[in-house]
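I have placed the structure first, in the form of structure tokens, so that the comments after it can refer back to it.
By convention in this document, chain letters (A, B, ...) are assigned in the order of the sequence lines, proteins followed by strands, and residues within each chain are numbered from 1.
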Amino acid sequence: MTAAPLLSVRDLTVSFNTRFTAVREASFDVHPGELVGVVGESGSGKSVSALAVMGLLPPTAKVTGSIHFEGRDLLTLSRRELRKLRGRDIGIIFQEPMTSLNPVFTIGDQITEAVRVHDPMSRKAAWDRATELLEKVGVPAPRRRLQDYPHQLSGGLRQRVMIAIALSSSPKLLIADEPTTALDVTIQAQLLDLLNQLRQDFGTAILLITHNMGVMAEVADRVVVMYASRIVEEATIFDLFDRPQHPYTSGLLGSTPELDGEAHRLRTIAGAMPNPAELPPGCLFAPRCPRAIPACLDMQPPLLPISPAQSAACILAPGLVAEGAR
Amino acid sequence: MTTPLLSVDGLSKEFPVAGDNWLAPRQTLRAVQSVSFELGSRQTLGLVGESGCGKSTTGRLILQLIEPTAGTVRFNGRDLATMPREELRQLRSSMQIIFQDPQASLNPRHRVEELILEPLYAQGEKPSAKLTNYAGELLDKVGLSRRHLTRFPHEFSGGQRQRIGIARAIASKPQLIVCDEAVSALDVSVQAQVINLLQDLQDELGLSYLFIGHDLAVVRHIADTMAIMYLGRIVEMAPKREFYALPMHPYSQALLGSVPVSHPSKRHARKRLEGEIPSPLNPPTGCHFHPRCRFARDICKVQVPQLRSVTPTRQAACHFAEEIAAGEGLTTGAS
Ligand SMILES: Nc1ncnc2c1ncn2[C@@H]1O[C@H](COP(=O)(O)OP(=O)(O)OP(=O)(O)O)[C@@H](O)[C@H]1O
Ligand SMILES: Nc1ncnc2c1ncn2[C@@H]1O[C@H](COP(=O)(O)OP(=O)(O)OP(=O)(O)O)[C@@H](O)[C@H]1O
Ligand code: SF4
Ligand code: SF4
Ligand SMILES: [Mg+2]
Ligand SMILES: [Mg+2]
């Protein structure tokens with residue numbers, strides 16, 4: 001991709017105290033209109049990375065590295081500037097919409113408020129805009145729905161309302177953290193279609209966090225794989241599925257239940273992800289890695305390119321072997 | 001003909017629920033409606049459907065944790081409702097349950113040994129060196145080790161806690177285990193470990209599972225027979241292989257069509273199921289699925305389709321099952 005990235009994260013490291021680092025040296029880009037997925041096990045640092053980009057980490061978090069959005073380093077902005085950017089250029093959707101919606105106000109109140117923050121207009125005009133937004137995200141009978149309180153809506157409809165609010169300012173980047181995880185599959189499928197459609201209609205770039213490889217296969221252009229605080233692989237969606245380079249990625253693909261072919265015994269990755277406070281020496285994946293060799297315990301392999309479109313953090317990845325031989 | 005291990009006939013459960021406000025009359029929520037099926041020894045029935053369709057209620061009814069409004073549950077041919085109290089208590093140890101959230105089902109103040117042996121204590125057994133040894137064996141079986149016996153639940157990861165839940169479930173040597181979303185909350189890599197463990201234990205101990213889930217891809221790896229539920233009713237039942245090759249009921253088709261693809265090359269504009277699941281308090285008339293069904297005709301709005309045999313091996317609750325199947329190229333023997 002030649003155009004300048006919309007979002008460019010470099011060496012992002014987030015620690016919560018001296019002993020505990022949730023994200024280490026994470027670097028990735030999101031280009032305009034692109035859907036980049038972040039996949040990985042529970043606790044691998046996906047949400048913390050996203051919160052860092054959104055400037056929503058608690059003050060106790062120590063953040064280093066850089067996060068450039070349209071050329072500006074978000075880590076140097078004031079809280080006020082960040083808040084402005086967040087509502088306008090970066091939209092956010094979380095897993096549980098109920099926690100982000102205020103239970104005592106109607107859906108209409110909450111969408112019109114979001115609309116008027118960025119674009120002062122009459123109440124009437126804001127109400128029309130809210131109706132339009134709900135329609136856009138596929139809420140049936142939108143005008144009537146605006147009168148409802150959040151608890152009167154199903155989980156799927158609440159998530160659509162959250163997307164409508166996130167879209168109210170026509171953001172350039174939408175960050176969605178497990179937006180469909182709590183929903184039924186039929187509703188999940190509808191929402192994934194909606195995300196795809198938004199991308200086509202408005203060119204919105206999307207950073208989508210999920211632990212579900214199938215969701216990635218449905219919508220992602222490119223995927224970042226995280227394991228125990230580190231990015232271990234980054235690839236286009238086709239390379240990731242056809243030529244995974246990191247043993248963890250292969251393991252993840254092998255243990256994902258599928259609908260095709262004979263129902264075979266699932267492949268597994270032995271053991272569990274290490275507790276982030278007690279990381280093993282060398283490669284973080286070594287204790288579970290079926291291909292580990294003694295050299296793996298010496299140092300954590302850095303994330304290095306294998307091809308222009310794929311990187312991996314494994315000493316056995318082909319490009320990296322060559323690198324070592326040089 | 002041999003008696004199936006579990007035989008459920010016309011099982012129904014109604015819950016009285018408060019009205020929308022204090023003036024509104026009480027309403028009846030029909031959580032499970034006339035559910036019937038059989039489960040043989042060493043077999044797994046996959047019970048799948050979206051949230052609120054009645055899966056957990058069905059499981060709890062079978063285990064006699066709640067009382068049915070109508071219908072019978074037979075275990076080894078014996079009707080549980082008419083069984084003497086003491087006998088039922090004994091029989092309870094033959095039926096166990098594993099829940100979705102091991103965190104919530106394991107008492108945080110108890111050590112692993114107590115947790116695992118609890119079903120045996122409930123039957124009147126007393127702590128002994130022999131039982132401690134047995135608890136250690138159970139831990140070995142589920143891929144943990146006896147040095148974990150003295151630990152507390154919070155010292156384990158989610159996957160390990162689920163293994164403890166499994167160890168407890170097999171402690172009383174049951175014949176049937178209801179797995180209620182037992183792997184749904186686990187990370188994929190750990191989920192695969194637990195699915196494989198459940199399969200190994202089935203082979204080794206001759207267990208039968210009622211495997212409740214909402215992910216058709218997961219259930220495919222463990223079930224022998226599939227039952228699909230929608231708003232309290234079973235809408236389709238079929239041997240696993242036949243079901244996945246071609247689901248018959250329009251709802252099953254939509255459900256299968258919603259599962260994320262396994263490879264990016266399989267992305268395509270699919271026909272999505274539109275609309276939301278209706279409220280179980282006020283379900284649509286006739287066929288519950290008719291407002292969302294692309295095959296619906298007038299009769300669907302007024303007449304409830306019964307679950308009936310469409311082929312010798314398959315059942316569906318749809319007025320037009322034969323026609324729809326023929327449209328998909330499946331011969332049912334119907335003209
Ligand atoms: N505010 C915080 N203070 C201390 N530790 C935190 C905080 N937020 C997250 N963590 C820790 O950071 C690590 C990474 O968490 P994160 O939420 O990013 O995981 P995740 O990949 O999003 O997992 P999941 O799939 O479960 O959402 C975890 O060990 C988590 O407990
Ligand atoms: N004790 C109860 N009182 C009133 N209603 C109940 C009770 N238990 C369950 N229900 C209702 O019965 C219906 C079926 O619930 P059930 O828990 O069996 O669904 P489920 O298929 O297991 O859903 P999920 O996938 O969300 O676990 C739901 O509408 C639920 O709200
Ligand atoms: S560096 Fe070694 S241990 Fe780490 S993923 Fe590669 S082969 Fe496995
Ligand atoms: S009975 Fe009618 S509405 Fe119900 S599934 Fe069959 S065709 Fe659709
Ligand atoms: Mg998270
Ligand atoms: Mg349930």
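When each of A:G40, A:G156, A:A220, A:G251 is checked for heavy-atom pairs under 4.5 Å with chain B, A:A220 comes out on top. Note on A:L240, A:V219, A:T256: by heavy-atom pairs under 4.5 Å with chain B, the leading option is A:V219. With chain B as partner, the option from A:A272, A:A217, A:S255, A:P140 having the largest number of non-hydrogen pairs under 4.5 angstrom is A:A217. When the candidates A:I269, A:L259, A:T268, A:V185 are compared by the number of heavy-atom contacts under 4.5 Å with chain B, A:L259 comes out ahead. Taking B:P264, B:G143, B:G275 one by one and counting their heavy-atom pairs under 4.5 Å with chain A, the maximum is reached by B:P264. The most heavy-atom pairs under 4.5 Å with chain B, out of A:L252, A:N212, A:L157, A:L192, come from A:L157.
Heavy-atom distances place the backbone of A:M216, and not its side chain, under 4.5 Å from chain B. Proximity to chain A is limited to the side chain of B:I277, based on heavy atoms less than 4.5 angstrom apart. Contact of A:R267 with chain B is made through the backbone alone, with heavy-atom distances under 4.5 Å. The parts of B:S265 that come within reach of chain A are both its backbone and its side chain, each placing non-hydrogen atoms under 4.5 angstrom from that chain. For B:Q160, no part lies under 4.5 angstrom from a heavy atom of chain A.
Side-chain contact check for A:E41 versus A:Y248: some heavy-atom pair is nearer than 4.5 Å.
Aromatic rings of B:H263 and A:F241 (six-membered ring for Trp) have centroids within the 6.0 Å cut-off, being under it. With ring centers used as reference points, B:H148 lies under 6.0 Å from B:F156.
B:Y230 and B:R292 share a side-chain donor-acceptor pair at under 3.5 Å.
The pair A:D260-B:K266 counts as a salt bridge, with a side-chain nitrogen and a carboxylate oxygen less than 4.0 angstrom apart.
For the side chain to side chain contact (heavy atoms under 4.5 Å, CB included) criterion with A:V161, the lone passing option out of A:D148, A:L134, A:L146, A:V137 is A:L134.
Around CZ of A:R265, the count of heavy atoms belonging to other residues, nucleotides or ligands within 6.0 Å exceeds 12.
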